[in-house]
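The chains referred to below are lettered A, B, ... by the order of the sequence lines, with proteins before strands, and numbering in each begins at 1. Computed from a predicted model, the values in this text were never measured in an experiment.
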Amino acid sequence: MAEKNFKRYTVTAALPYANGPLHIGHLAGVYVPSDIYVRYLRAVGKDVAFIGGSDEHGVAITLKARKEGKTPQQIIDHYHEMIKNSFESFGISFDIYSRTSSPQHHQTAADYFKKLYEKGAFEAHVSEQFYDNKEHQFLADRYIKGTCPTCSFDGAYGDQCENCGSTLSPTELINPKSMLSGEVPIMKETKHWYFPLDRYEDFLKQYILEDHKEWKTNVSGQCKSWIDGGLKPRPMTRDLDWGIKVPVKGAEGKVLYVWFDAPIGYISATQEWAQATGKNWEDYWKKEDTKLVHFIGKDNIVFHCIIFPSILKAEGSYILPDNVPANEFLNLEGNKISTSRNWAVWLHEYLIEFPEQQDVLRYVLTANAPETKDNDFTWKDFQIRNNSELVAIYGNFINRAVVLTHKFFGGKVPDITSYEQVDLDALANLEIFPQRIAHSLDQFKFREALGYLMDLARLGNKYLAETEPWKLIKTTPERVGTIMNVSLQIAASLGVLSRPFLPFTYEKLNQMINMDHLNWTDAGKPSNLQGGTSIGEGRLLFEKVEDDVIEKQIQKLMNTKKDNSIEEQLIAPSKPMISYEDFSKMDLRVGQVLTAEPVLKSNKLLKFTVDTGIDKRTIVSGIAKHFTPEEMIGKKVMVLVNLAPRMIMGIESQGMLLFAENKEGSLKAVVPDAAASNGAGIS
RNA sequence: GGCGAGGUAGCUCAGUUGGUUAGAGCACCGGAUUCAUAACCCGGAGGUCAGGGGUUCAACUCCCCUCCUCGCUACCA
């Protein structure tokens with residue numbers, strides 16, 4: 001709990017998956033907050049290990065490799081480098097940035113699995129899965145392609161149809177084909193090791209809902225939902241040749257489930273770091289006086305709050321995460337960030353288009369971080385925050401203090417003659433800031449902390465406005481020395497407290513006002529800068545971002561939108577030729593909707609009674625998102641009457657209504673002429 | 001449909017265990033000022049706290065219902 005006095009901190013940031021570059025969403029959700037937190041802890045002298053690395057296993061990477069005609073190793077090498085560079089460029093100050101393909105990790109993860117295996121922590125189950133007889137491999141869902149049972153799209157994957165978005169199971173596909181050999185896969189038995197999460201229900205309830213009531217509501221709410229929904233054993237192994245070999249007998253050709261091995265990556269990276277620095281890694285993972293914190297996005301809550309703690313618990317000697325401050329998602333200009341649709345601000349592109357402006361992005365993403373709910377990043381907001389906060393308030397204050405000191409005192413910190421009340425008030429205010437900002441950071445309230453930081457810059461501006469040294473220099477110059485001294489003290493404190501948030505700005509400011517000897521608790525004191533010390537030449541900390549720069553970025557996104565919509569308008573290619581005989585098997589008729597009502601407990605299904613001319617029958621159709629029951633009643637429709645009946649939500653559907661589906665997924669009615677009579681054949 | 005998280009000024013967010021005229025930053029308007037990147041400083045306007053009902057002397061805050069957004073989950077022949 002918060003009041004506990006921890007001796008050291010292990011802070012992890014979610015391992016980015018090495019199949020694509022990083023974008024602002026990654027930074028806002030995980031890496032900037034974790035970096036701020038860690039830099040703050042270091043500033044107050046804490047012993048911290050900040051752990052990161054690339055997640056390089058799993059099916060998605062093998063698929064990407066296959067698609068691009070490369071090896072998985074080439075893919076992960078490429079993105080690992082790219083991701084690592086982005087982190088370095090943005091000043092994400094990992095103590096180690098490792099990768100799950102490292103030998104150290106393979107060893108650690110395999111050992112971990114083996115230990116649990118020997119303790120009897122797993123249950124082995126045999127199940128039937130698709131198998132490619134030619135390639136002698138079991139097929140992951142994504143490795144199976146076939147015709148979508150919903151929309152008849154030919155290239156549907158075993159887990160999802162990319163044409164209509166249906167979630168599928170591979171057994172539902174019509175004409176399933178292996179993507180490896182193109183052969184028809186067979187069903188074959190395979191054995192896997194399951195982690196019985198259900199046995200950890202009581203432990204999880206106590207751990208999350210009782211012992212950690214301080215967790216963010218979005219996190220504990222999500223966990224409660226999972227726990228209440230009933231936990232099931234989850235397979236921790238997969239039939240795949242890319243990953244960490246399962247280290248037990250009878251597990252040839254199997255690897256650890258990527259979500260088993262990835263969190264262990266935190267541990268193996270810590271080991272690597274400890275080896276390199278002469279530390280004992282176990283101090284950071286097994287001592288009760290260590291605080292373990294996982295920074296993640298909301299998509300990872302279940303793995304970090306439910307599965308990983310259970311796995312740690314099962315092993316027995318590890319501490320548990322003390323907090324998991326998961327953030328929500330960041331949207332971009334009103335739309336969800338999407339890698340595949342290129343709807344993102346890519347970090348490697350930002351670095352080129354906004355050189356030397358990493359702190360601006362860090363600032364904007366912190367000020368607008370999705371801490372409690374999804375937030376929207378807009379370029380307009382980026383510009384405003386830069387121009388009217390960083391430039392106008394922060395940069396301006398520093399510039400004023402430095403320029404005036406040069407103008408009046410030749411660039412030397414003047415001595416204090418005597419304080420007046422206005423000085424004492426300002427200094428008293430100043431004193432509060434380190435504690436106030438620290439308090440927010442301790443609670444992971446980064447935007448609040450950043451707000452306080454800006455308040456300190458405001459304090460400086462206000463102090464200058466009240467004391468007006470540019471006037472006094474003409475009348476009572478001896479007073480101005482004290483004023484500039486106080487201003488520079490504020491500037492120095494501002495610099496020190498900015499360091500976790502704006503590390504690059506700190507460095508620039510440090511060139512002007514040397515603050516390297518100061519730490520967090522020095523900030524707020526009235527005499528950090530000695531009289532007579534020289535300060536450097538004034539230099540702007542932030543530049544204004546002009547309209548045309550922003551417009552260019554917005555235009556770039558508009559182009560992406562245009563490209564996407566062109567792609568979406570592409571007409572699906574014709575399916576393979578069929579014979580008239582094939583066609584004539586279908587009995588298509590004109591029908592008329594007699595009744596229509598929503599299906600209980602479903603939000604996509606409508607139940608119809610249709611007069612097919614032959615009979616009046618029940619048909620269930622998944623069109624509730626597109627049509628209301630009222631507007632369907634009385635409509636003429638096209639019906640496939642000889643489709644085998646099927647139970648849907650407890651209702652037998654006897655046929656299928658035909659609709660046109662636009663590329664973006666909206667359904668349009670295909671209506672026979674009103675003069676066509678019910679039961680008329682369509683051919 | 002179930003579960004979870006949200007819906008508070010134009011925008012982004014605070015609002016502690018229910019208690020006087022609902023707060024902040026930015027944007028906007030007015031004033032003052034010129035040391036400063038037309039920046040700073042002071043002031044102002046702006047909200048039936050998603051909507052409806054209830055409990056209470058008193059509700060943004062508690063209870064019920066409805067609507068909207070996001071996430072997980074089920075259904076889509």
Side-chain angles (χ1 to χ4, degrees), chain A residues 148-152 161 164-168 172 174 216-229 297-299 301-302 328-329 331 336 364 367-376 378 380-381 384-385 387-408 445 447-448 450-452 454-455 457-458 460-473 480 484 487 538 540-544 598-606 619-625 640 643-651 653-658 667:
Chain A
C148 174
T150 304
C151 70
S152 305
C161 172
C164 67
S166 303
T167 311
L168 304 171
E172 292 176 303
I174 302 160
K216 290 170 66 170
T217 52
N218 60 333
V219 176
S220 51
Q222 188 67 226
C223 291
K224 191 173 184 308
S225 173
W226 272 84
I227 295 169
D228 290 348
K298 68 172 163 184
D299 51 330
I301 289 175
V302 61
E328 302 281 303
F329 285 152
N331 293 328
K336 205 180 285 192
V364 173
N368 193 22
E371 278 177 11
T372 53
K373 61 175 184 185
D374 289 1
N375 264 344
D376 199 23
T378 65
K380 193 70 197 154
D381 181 64
I384 287 170
R385 287 195 185 275
N387 292 357
S388 57
E389 295 180 25
L390 287 177
V391 173
I393 296 169
Y394 190 118
N396 188 34
F397 167 63
I398 298 295
N399 194 41
R400 294 169 89 183
V402 171
V403 167
L404 288 175
T405 302
H406 275 282
K407 208 176 257 183
F408 301 152
K445 294 183 174 175
R447 39 196 310 167
E448 182 179 272
L450 189 64
Y452 289 143
M454 291 308 288
D455 284 343
R458 287 188 185 97
N461 279 319
K462 186 170 180 161
Y463 175 73
L464 284 176
E466 282 170 351
T467 53
E468 300 182 308
W470 50 89
K471 278 187 182 167
L472 295 184
I473 197 72
V480 177
M484 291 325 298
S487 301
L540 296 181
L541 293 176
F542 304 101
E543 305 272 347
K544 288 194 94 172
V599 173
L600 232 61
K601 292 189 173 185
S602 160
N603 59 357
K604 287 188 188 169
L605 299 179
L606 292 182
I619 296 180
V620 175
S621 192
I623 61 169
K625 286 263 170 80
L640 178 58
L643 186 68
R646 168 131 181 165
M647 293 299 289
I648 301 166
M649 299 283 287
I651 302 161
S653 180
Q654 302 155 322
M656 180 170 173
L657 302 186
L658 271 40
L667 293 182

Colleague: Please check the phosphate of B:C76 (OP1 and OP2 only) for any side-chain N or O of A:S653 closer than 4.0 Å.
Modeller: no
Colleague: Is A:I393 touching bases, backbone alone, or none of the nucleic acid, heavy atoms closer than 4.0 Å?
Modeller: sugar-phosphate
Colleague: Please list, pair by pair, any protein nitrogen or oxygen found under 3.5 Å from a nitrogen or oxygen in nucleotides 27-29 of chain B.
Modeller:
from: B:A27; atom 1: OP1; to: A:S388; atom 2: OG; distance (Å): 3.2

Colleague: Is A:D374 touching bases, backbone alone, or none of the nucleic acid, heavy atoms closer than 4.0 Å?
Modeller: sugar-phosphate
Colleague: Reckon A:T378 touches a base, only the sugar-phosphate, or nothing at all at heavy-atom distances under 4.0 Å?
Modeller: nothing
Colleague: Under 4.0 Å, heavy atoms only, any strand: does A:K224 hit a base, just the sugar-phosphate, or nothing?
Modeller: nothing
Colleague: Looking only at side-chain atoms of A:K471, point me to the closest of B:U12, B:C40, B:U34.
Modeller: B:U34
Colleague: In terms of side-chain heavy atoms of A:S225, which of B:C40, B:C3, B:C42 is nearest?
Modeller: B:C3
Colleague: Within the pair A:K373 and B:U12, is there a side-chain N or O less than 4.0 Å away from OP1 or OP2?
Modeller: no
Colleague: Between A:K298 and A:E328, does at least one N-O distance fall below 4.0 Å, as a salt bridge requires?
Modeller: yes
Colleague: Can you list the stems that RNA chain B is part of, where a stem is at least 3 pairs in a row, each Watson-Crick or G-U, with both distances below 3.5 Å?
Modeller: B:1-7 with B:67-73, B:10-13 with B:23-26, B:28-31 with B:41-44, B:50-54 with B:62-66
Colleague: Between B:C35, B:C26, B:G6, which nucleotide has the shortest distance from any of its atoms to the side chain of A:W470?
Modeller: B:C35
Colleague: Look at A:K544 and B:A39 and indicate whether a side-chain polar atom (N or O) is within less than 4.0 Å of OP1 or OP2.
Modeller: yes
Colleague: Which pairs pass side-chain hydrogen bond (donor to acceptor under 3.5 Å, both in side chains) with one or both residues in residues 396-406 of chain A, sequence neighbours excluded?
Modeller: A:R400-A:N461
Colleague: Classify A:G395 by what it touches in the nucleic acid, base, sugar-phosphate, or nothing, heavy-atom distance under 4.0 Å.
Modeller: nothing
Colleague: Within the structure shown, what part of the strands sits under 4.0 Å from A:L541 by heavy-atom distance: base, sugar-phosphate, or nothing?
Modeller: base
Colleague: Kindly point out which of B:C72, B:C41, B:U12 is positioned nearest to the side chain of A:R458?
Modeller: B:C41
Colleague: On RNA chain B, does the nearest nucleotide to A:A392 precede the nearest nucleotide to A:F408 from the 5' side, or the other way round? Give the residue.
Modeller: A:F408
Colleague: If you pin A:A369 and A:L390 to their nearest nucleotides in RNA chain B, which one's is more 5'?
Modeller: A:A369
Colleague: What's the gap between B:U8 and B:G51 when it is taken at their C1' atoms, as a whole Å value?
Modeller: 14 Å
